[in-house]
Amino acid sequence: MKHPIYLDYMATTPVDPSVAEVMWRYLTPTGEFGNPASITHVYGWRAKEAVETAREQVAGLIHAEPNEIIWTSGATESNNLAIKGVTEFFQEKGKHVITCITEHKAVLDPCRYLEKKGYEVTYLPVNSRGLINLEQLQQAIRSDTVLISIMHVNNEIGVIQDIVKVGAIAKQHGILFHVDAAQSVGKIAVDVQQIPVDLMSLASHKVYGPKGIGALYVRRKPRARLTPQIHGGGHELGLRSGTLATHQIAGMGAAFALAQSLMPTESIRLAHLRDLLWQQLAELPSVTINGSLQHCIPGMLNIHVHKTDGESLITALQPTLAISSGSACTSAEVEPSYVLTALGLTGEEAKNSLRICVGRYTTEKDIMTAATCLKEKIQWLRGMSPLW
Amino acid sequence: MKHPIYLDYMATTPVDPSVAEVMWRYLTPTGEFGNPASITHVYGWRAKEAVETAREQVAGLIHAEPNEIIWTSGATESNNLAIKGVTEFFQEKGKHVITCITEHKAVLDPCRYLEKKGYEVTYLPVNSRGLINLEQLQQAIRSDTVLISIMHVNNEIGVIQDIVKVGAIAKQHGILFHVDAAQSVGKIAVDVQQIPVDLMSLASHKVYGPKGIGALYVRRKPRARLTPQIHGGGHELGLRSGTLATHQIAGMGAAFALAQSLMPTESIRLAHLRDLLWQQLAELPSVTINGSLQHCIPGMLNIHVHKTDGESLITALQPTLAISSGSACTSAEVEPSYVLTALGLTGEEAKNSLRICVGRYTTEKDIMTAATCLKEKIQWLRGMSPLW
Amino acid sequence: MYNDAILKHFHEPSHQGPLPQASMIARVGSEMDGRILEMAITVEQDAIVTARFKAHGCPATIASAEWVATYLEGRSLQEAQNFQSAQLMASLQLPGHKHYCALMAEDLVKQLTTYDGEES
Amino acid sequence: MYNDAILKHFHEPSHQGPLPQASMIARVGSEMDGRILEMAITVEQDAIVTARFKAHGCPATIASAEWVATYLEGRSLQEAQNFQSAQLMASLQLPGHKHYCALMAEDLVKQLTTYDGEES
Ligand SMILES: Cc1ncc(COP(=O)(O)O)c(C=O)c1O
Ligand SMILES: Cc1ncc(COP(=O)(O)O)c(C=O)c1O
């Protein structure tokens, strides 16, 4: 089966071929396969060098110091480490956390876990564009609030929260601020010198790096304190134990360096492709945007195709286009997206929505094919629907 | 610098070239790079297929069912998940854990963490060969013991504990039994049908698979219960959330399948190489074995070179041989191995010990070179020592 | 990921569309539920000549509509009356969580074939 | 991982071994400490002609021994008396946790060059 055009770059990205080449160097018997913790021989030294180079590359993209980067197995673990690590460290200080209703499950589920352990969590609502209200945030703050966790870019609708302002509010109240930046870093400028953020989760596989590796930025000045969540050997300044996966880390480093150099041109190109697609789709009646293009990262489009079953549309598109109805999920049954219902859509409307995301390997030709196919299949489904 | 002969296969192994080829298939834009959780397109389906094939391969090597395999980021995380997951789940039942003094840090550090949280941990001693005493184990069991965690093969001396008997004792008392099998699986036969084990940690990078991926075997019948330690999306039957790293998992699967097919011949070959090396070194005066070859996995040799500084010996060998004085570590200063001191060696004696481990790419010629070089450098150091 | 039988019926239906000369029309489901099945048939001498559906819903719903339309054509009303959801479940190998499509179809066929004295 | 200066002195020492005709011998450290430095010299007309060491310990210890032996040869006892650990630290760029090697060496040279009236 010839593969369809991939338009699901928010779910995951392929590894850039140049990044895969870098990874390859750290694998086989003829490569630098050593354990970075092996201090007694050159295999270990070379591996350690690769790890530290990558640390600089990852730090570089967000303007952090290399020693502020802690390797993890992905943004899910980074979020867990940040949220559970900070609340555990400050358990005597308070047991209240503020987050947002449209966060990724990798933030919400740790919060639910905290609730089971006696914590209180405030889930801020969002407006129809997906943005939180800073006044509501202010009002939610209590004397026992120990952490605010707000994502930078939403993984379903691409909306960018104003984390500079959120951070300022957190700072003003002396509360630690964590940002899930899995979907922003590498796509839009992120500068921890400008953002008053204490902890930031980074993912590799959303930025053309390998899956299974991520990082947590942990500010040094002033130092963000947290309790490690995986113990055993004291790697990563004691914050995250476990053998470092050299090829994965080197891959993430290379991917971040590449993202940094491509961002200026890619962000324009992707915005153009997205606009082109939307221009075509807007010709159809009753197709609307979820969220707001104004606050959206380039390349991202979430549309509500009114009165047109989302699953059928996706299935009709399958031979030509690979897209999704929301975040990648673990169950067989299609659940309406809680992100879209938070914007005010009904369950049915949410189910009739598509997440389309273009990326580094999407061409203008792909977009033309996609637009044609989308229009055709929407019309075809509507043509046999009793609702039209 | 031409790389020295690698004799540190306990620290990590290179990825077998055939395994690296498998990994490559799941990386680049022309490969199966999808997110295994993407259920709406062929990219996701192919990735999921790869994950499930690997699950069968990993389960196959230990005679488990595929749905008993939970992917993690490595044996460190697996140990954390087992130890913290079980104790959290059974916190109402009791707060006592039994383990062994020579466990890997990835077991000991989680235990120390539990102690800080009010748990009591019994650390069983070992005899001069590195084996625990089953009577002492029996005596250590209390009514509030919820977990026994004993490693299968020690990472410094290669000694094999009798986990069948340990498991029988645990079962008899209705206590969950966890085994850190990072250093045994793929090297010696491990069959969960024969071993009454509830949870078993598996590592990929000790078996010619990639670093940064591992698994926890969780018995289904009777079902081992534990609380997840990383939340967010409910992957892996809810026990471990986070995007699955297809290439890593496929690599671990391929590596385990390969280990299974090579084990019969490799175990004989590696035992032979190790014996050959020991035969040569035994010619020197005052070189003795730490632990016992009788209870040791093939390929492994830990020797005490009496009155001969270990760090100087390793450094003298560096241009020719890559070996270590113990486990790969995270600090610059050489600490005496707690495993060796547990056998009864003094700190100085432990420091004057070498861990030598042969592996899949070690040839007989390598062993001859290694033996010559070791003998030469030992004699050279002793020649300039005032102790000789 | 649907099986080939469902996908084939979904991707290449040939019985969708309006049927201006319909003898009977039946409809089950609702927009609120997220699924609607509508079937129109022409009947000549107690035999169903043509069946045309309209459907809104998941791929299994649409595939079921197509399957039922094909099934109906050429059968007598009596025969069609005996239609049971299990036939459709088996033929399309509907997964458990899609059995409701077959149940909807059974309702639909019942409505169509249970002549209530009035043509709709 | 040691620097090149240390490694060169460690891997290729040329002053190790016994010195049968030694004018003086000094020794610091102990087996318990895990390090021993022993230095023997021959002295002619207040000048150190030959220096030979024995050493047990880490690479920095052995490198320091070699460095000191080289340093001593050809110097007068008075000159050698002025030897300070900082010279060795700087020359071999000993990392902080290896400074003790230079301190041992200073002790050793002091013992050697502080003539106590008897030849050993
Ligand atoms: C016995 C044992 N347990 C656990 C680990 C840790 O596993 P990982 O390297 O996958 O973090 C190792 C190796 O490092 C080991 O040898
Ligand atoms: C916003 C956001 N946070 C966290 C994650 C989880 O990260 P990972 O896939 O590395 O587990 C994702 C993607 O899956 C994401 O989009």
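Throughout, a chain's letter reflects where its sequence line sits, starting with A, and its residues are numbered from 1.
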* Counting only heavy atoms not in B:K48, do more than 12 sit closer than 6.0 Å to its NZ atom? -> no

* To do: Below 4.5 Å from any heavy atom of chain A, which atoms of B:L317 appear? Answer side chain, backbone, both or neither.
  => neither

* Asked: Counting heavy-atom pairs under 4.5 Å to chain B, which of A:G212, A:A75, A:A106 comes out on top?
  -> A:A106

* Asked: Is the gap between the ring centers of B:H41 and A:Y6 under 6.0 Å?
  -> yes

* Contacting moiety of B:L108, where chain A heavy atoms sit under 4.5 Å -> neither

* Taking atom OG of A:S324 and atom CG of B:N35, what is their separation to the nearest 0.5 Å? -> 9.5 Å

* Structure fact -> From the list B:G242, B:A203, B:G44, the residue making the most non-hydrogen contacts under 4.5 Å with chain A is B:G242

* side-chain hydrogen bond (donor to acceptor under 3.5 Å, both in side chains) evaluation trace for B:T40 with A:R355 -> CA-CA 11 Å; B:T40 58; A:R355 178 177 73 167; over 6 Å; no

* Asked: Do you know the tightest heavy-atom contact between B:I230 and A:T76?
  -> CG2-CG2, 3.7 Å

Check: residues 15-31 of chain B side-chain donor-acceptor pairs under 3.5 Å, at least two apart:
{"from": "B:D16", "atom 1": "OD1", "to": "B:S18", "atom 2": "N", "distance (Å)": "3.0"}
{"from": "B:D16", "atom 1": "OD1", "to": "B:S18", "atom 2": "OG", "distance (Å)": "2.8"}
{"from": "B:D16", "atom 1": "OD2", "to": "B:R360", "atom 2": "NH1", "distance (Å)": "3.0"}
{"from": "B:D16", "atom 1": "OD2", "to": "B:Y361", "atom 2": "OH", "distance (Å)": "2.8"}
{"from": "B:T28", "atom 1": "OG1", "to": "B:T30", "atom 2": "OG1", "distance (Å)": "3.2"}

* Hey, are the side chains of B:P210 and A:H247 touching, using non-hydrogen atoms and a 4.5 Å cut-off? -> yes

* To do: Mind checking salt bridge (Lys or Arg N to Asp or Glu O under 4.0 Å) for B:E103 and listing every partner two or more places apart, or none if nothing turns up?
  => none

* To do: Side chain from CB out, backbone as N, CA, C, O: work out which of these in A:T72 comes under 4.5 Å of a heavy atom of chain B, or both, or neither.
  => neither

* Asked: Is chain A contacted by the side chain of B:I323, its backbone, both, or neither, given a heavy-atom distance below 4.5 Å?
  -> backbone

* Sequence neighbours excluded, which residues qualify as side chain to side chain donor-acceptor pair (under 3.5 Å) partners of B:K84? -> A:H231, B:N80

* **Top of A:K105, A:R240, A:H205, A:Q229 for chain B proximity - count of heavy-atom pairs under 4.5 angstrom** => A:K105

* With side chains defined as the heavy atoms from C-beta onward, is the minimum distance between A:T12 and B:S38 less than 4.5 Å? -> no

* Contact origin within B:E32 toward chain A - heavy atom pairs under 4.5 Å -> side chain

* To do: Would you mind reporting whether B:Q248 and A:K211 have side-chain heavy atoms less than 4.5 Å apart?
  => no

* Structure fact -> residues 110-119 of chain B vs chain A, non-hydrogen distance cutoff under 4.5 Å, contacting residues -> B:P110, B:Y113, B:K117

* To do: Kindly give the heavy-atom pair with the smallest separation between A:D109 and B:G234, and that separation in Å.
  => OD2-N, 4.2 Å

* **Contact check, side chains of A:V42 and B:Q318, non-hydrogen atoms, under 4.5 Å** => no

* To do: Could you check if a side-chain atom of B:P14 sits within less than 4.5 angstrom of a side-chain atom of A:Y43, using non-hydrogen atoms only?
  => no

